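Below, all heavy atoms of this structure are taken into account, side chains as well, without hydrogens, waters or symmetry copies. What you see is a predicted model; the values in this text were computed from it and never measured.
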Amino acid sequence: MDSYNEAMDSRRLGFLDRFIGEIDKAIKVLTVPVRAAGGLPGAPAAEALPEPDRLQSSRLMRVNHAGEVAAQALYRGQALAARNETVKAAMQQSAAEEADHLAWCELRLSELNGRTSLLNPFWYAGSFALGAAAGALGDRVSLGFVAETEAQVESHLSRHLERLSAHDLRSRAILERMQHDEIRHGENAASLGGGALPLPASMAMRAASKLMTFGSYWI
C-alpha cells in the first residue's frame, strides 16, 4: 500500500510540476518578446505605408498575433492532456513552430507602430482550457480539433491576404508563410489519426474565432 501511495504521489507531483510549467510558459508568451528561429519573411519596406494602409495592416497583424497567442495555448493545453507520447510530441513541435509565427507578427506590429491586443490573456486562458478539454476527450478528438482549427486558420489568412494593401509586401510575405505552415500542421494532425469533428463543434469553433477576430481588431 505504501508503494502504491508513493507512486500516486509521484504521478500527481509530475502533473503538478507540468501544470506549473505551463503557467510559467503562459506568462512568458504574454509578457516576453519572442525570438524567431529564422529571419522575418519578406524584405523590409523601402518606404512607409500610407497611413490608412498602415492602420489596416496594424489591425490585421494584431488579430494574427492574437491568433498565434491562442495557438500557443491550444497546443500546450492539448500536449498537457495528451495520452499518447507521439501525439504529445507532435503538439509540442507544432507549438514551437507557431512560436516563430508569434514572433513574426510581433515584430511586424513593431515595424507598423502597432500594439498587441489587450485581450490576449483572455484568448490564452480560453484556448488553453479548450485544448486541455479536447485532449481529455482522447487523442483522436484532439487531433481532429487541430485539423479543423488549422483549416479555419488557413481560410482566415486567405481573407486577410485579400484585405491587405497591395503595397504591404512585408505583411503579405509573413501571412503566406504562416498559411503554408498551418496547412502542414493540419495535414500532420490528420495523418496521425485525427477524426472529423461534429458539425456543431465546427460551428462553435467558427463562432469563437469570429469573436476573437472582432475583439482583437479593435482592442
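- By the side-chain hydrogen bond (donor to acceptor under 3.5 Å, both in side chains) test, S57 is found to be paired with D168, residues two or more places apart in sequence or in another chain being considered.
- Residues satisfying the side-chain contact (heavy atoms from CB on, under 4.5 Å) criterion with R177, sequence neighbours excluded, are P41, W104, D181.
- With sequence neighbours excluded, no residue forms a side-chain hydrogen bond (donor to acceptor under 3.5 Å, both in side chains) with S110.
- Between the side chains of E106 and T116, no donor N or O sits under 3.5 Å from an acceptor N or O.
- Across every non-hydrogen atom of M178 and C105, the tightest pair is SD-SG, 3.8 Å.
- Neither side chain, Q72 nor E68, offers a donor N or O lying under 3.5 Å from an acceptor on the other.
- Annotation for V63 and H156: closest pair CG1-CE1, 3.7 Å, computed over non-hydrogen atoms.
- Aromatic ring orientation, Y124 versus F128: parallel (interplanar angle below 30°, classes split at 30° and 60°).
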Would H101 and N64 count as a side chain to side chain donor-acceptor pair (under 3.5 Å) here? Give the steps. CA-CA 9 Å; H101 299 178; N64 287 299; over 6 Å; no
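- E51 pairs by the side-chain hydrogen bond (donor to acceptor under 3.5 Å, both in side chains) definition with R54, not counting sequence neighbours.
- Not counting sequence neighbours, L211 has no partner by the side-chain contact (heavy atoms from CB on, under 4.5 Å) test.
- Applying the salt bridge (charged side-chain N to carboxylate O under 4.0 Å, His left out) rule to pairs touching residues 152-165 yields nothing, sequence neighbours excluded.
- Residues satisfying the salt bridge (charged side-chain N to carboxylate O under 4.0 Å, His left out) test with D53, not counting sequence neighbours, are none.
- Each of L164 and L55 belongs to its own hydrophobic cluster when Ile, Leu, Val, Met, Phe, Trp and Tyr are linked at side-chain heavy-atom distances under 4.5 angstrom.
- Taking CG from D100 and CD1 from I174, the interatomic distance works out to 11.5 Å, rounded to the nearest 0.5 Å.
- Applying the side-chain hydrogen bond (donor to acceptor under 3.5 Å, both in side chains) criterion to S216, with sequence neighbours excluded, gives W123.
- Note on L74: it does not cluster hydrophobically with I183, by side-chain heavy-atom contacts below 4.5 Å among ILVMFWY residues.
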